[in-house]
Amino acid sequence: MSDRDSWISNLGFVLAAVGGAAGLGNIWRFPWLTAGNGGSAFLIVYLLVVVGIGVPGLLAEFVLGRCGRQTPTAALRSLTGSRWGSWLGAFNVLTTLVILSFYSVVGGWILRYTLVSPVGTYFGQPQQYFGAMSFGLEAVAFHLLFLGIVAAIVFFGISNGIERVSKVMLPGVVIILLGLAVWTATQPGTAAGYAFYLSFDAEYLAANFLSVIGPAAGQALFTLSLGAGVMLTYASYLDDNASLPRDTLVIAVSNTFIGVLAGLVVIPLLFSQGVDPGQGGPGALFVALATAFATLPGGELVATAFFVTVLMAAVTSGISLLETPVATLVDSFGVPRRRATVLVSVLLAATGSGLALTSSVFQFVSGTLADLMLTVGLFAFTVIVGWLLRGDALAEFRAGTARFEWLAKPWLLTVSWVLPVVVLFLLTNTLASLAGISVGLGGRVIIAVIGTVALAVVVRNGSRTDRLSSH
Ligand code: PHE
């Protein structure tokens with residue numbers, strides 16, 4: 001394993017991880033979910049989930065990565081000492097493939113909008129333009145182009161490809177977004193948008209909590225890239241000097257900052273044009289925002305700056321998603337990196353093309369399925385860290401830092417008990433609504449608590465039996 005690639009610097013890792021986290025989730029998915037779920041109410045719940053679940057969960061995934069020093073299948077196999085670890089790793093790899101399949105279709109749309117924005121091709125009829133290009137053969141072509149760009153970077157590996165590109169693109173994203181947020185504030189008619197986004201509406205939240213919590217939590221996991229084994233893979237290239245708690249905080253805060261900043265651009269602009277952002281769904285960014293750009297002075301320039309930013313953010317996330325399956329082929333099957341990149345890309349070219357041709361499947365995969373897979377992945381991570389690794393996880397937490405020592409035990413307690421209960425609650429939520437069964441808040445809480453306790457007993461007993469039989 002000594003010839004395994006690694007990050008040149010800890011800063012490189014942090015930038016690549018923030019780049020991987022900050023992507024279409026922050027700029028495309030976040031504003032329309034926020035707008036469709038009550039604005040500030042959604043924002044509050046989302047922020048609470050990021051802090052309460054996202055941060056400890058991300059740290060758990062980093063701990064698994066650096067402790068295992070391998071990609072998900074091999075790492076989880078050796079950390080759990082059991083076959084189901086490999087299966088879980090394989091599930092992670094499948095999750096990245098599923099996400100990248102639709103991600104790269106949206107990346108294709110962004111690429112196309114970036115190319116035509118300087119001449120404002122879609123300014124005349126934004127709705128028709130989006131409708132005509134979003135699904136079909138042209139969408140396939142742009143999906144392939146986007147995938148090609150992502151593959152070209154992963155082809156060159158961690159230090160030469162991913163780290164180098166992230167170091168340039170991520171600061172670019174932040175600088176342009178800041179500029180756009182300031183510019184937005186100078187536009188007329190944006191006050192209603194700021195109010196909708198930033199003023200806390202307790203009544204709405206109380207009345208809609210159950211319908212807001214699902215999408216808000218799903219979005220929190222999605223935006224932090226949590227539960228897919230992507231962060232696990234990135235952390236597997238770290239050395240012992242890195243402080244995992246510090247890096248986790250920096251990454252979570254930066255990613256949230258980029259999401260909130262994107263909302264400060266998108267939501268007020270939509271309101272300034274009198275567009276109801278909640279109606280747009282996945283097309284909101286393209287249709288409603290395009291309408292806004294078309295009517296603004298210098299719209300072409302602003303539109304270009306905006307789509308270049310989204311493109312860069314999408315590319316840095318796309319590479320994190322592709323790296324996981326590619327590195328798995330490299331680590332576990334000894335396939336050379338370049339060949340592995342080509343193989344996985346060919347597979348994704350096919351699956352993504354399928355989604356680019358069928359909008360109904362695309363909707364399901366990019367919403368419910370993605371959220372569900374990430375939630376299951378995170379649940380498994382919490383079980384492994386909280387109930388199997390325990391002392392080893394604490395040691396990994398402490399390696400490379402003394403500063404956050406006092407947080408180590410509370411963190412492990414959160415990962416062992418709070419996270420599984422909340423994550424099971426979310427799973428019950430999603431599954432119940434998928435199956436069309438109505439379970440009340442109390443019922444869901446009871447299922448989550450009983451499920452967690454039952455699983456804790458099974459896992460602890462299982463690992464005790466394993467230990468006894470290995471003596
Ligand atoms: N976090 C990325 C985004 O916000 C998407 C992603 C999800 C990437 C899961 C990797 C794993 O765009």
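We count ligands from 1, going down the list as the structure has it; atoms in each ligand are counted the same way.
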| query | Hey, which atoms in ligand 1 end up nearer than 4.0 Å to a heavy atom of Leu321? | reply | 8 (C), 10 (C), 11 (C)

| remark: The answer for which part of Ala21 has a heavy atom under 4.0 Å from ligand 1 is backbone

| Taking distance alone, with no angle check, do Gly25 and ligand 1 share an N/O pair under 3.5 Å? | yes

| Given Phe306, Tyr129, Phe293, Phe142, the one that forms ring pair (Phe, Tyr, Trp, His ring centres under 6.0 Å) with Tyr113 | Tyr129

| field | Inter- and intrachain pairs under side chain to side chain donor-acceptor pair (under 3.5 Å), touching residues 208-222, at least two apart | value | Arg29-Gln219

| task | Could you name each residue pair satisfying ring-ring contact (aromatic ring centres under 6.0 Å, His included) that touches residues 143-179, not counting sequence neighbours? | result | none

| task | Give the atoms of ligand 1, by number and element, whose distance to some non-hydrogen atom of Gly20 is under 4.0 Å. | result | 1 (N), 2 (C)

| query | Is a side-chain N or O of Tyr204 found less than 3.5 angstrom from the main chain of Gly39, in a donor-acceptor match? | reply | no

| query | For Tyr103, is the nearest heavy atom under 4.0 Å from an atom of ligand 1? | reply | yes

| task | Determine whether more than 12 heavy atoms belonging to other residues, nucleotides or ligands lie under 6.0 Å from atom CH2 of Trp87. | result | no

| task | May I ask you to list the atoms of ligand 1 that are less than 4.0 angstrom from any heavy atom of Leu24? | result | 12 (O)

| Those atoms of ligand 1 less than 4.0 Å from some heavy atom in Asn26 | 4 (O)

| request: Check whether the side chains of Ser199 and Tyr194 place a donor and an acceptor atom closer than 3.5 Å, and report yes or no. | output: no

| field | Close N or O approach (Ser225, ligand 1; < 3.5 Å) | value | yes

| Has ligand 1 got any nitrogen or oxygen that is less than 3.5 angstrom from a nitrogen or oxygen of Phe222? | yes

| said: Tell me if the centroids of the rings in Phe362 and Trp109 come within less than 6.0 Å of each other. | reply: yes

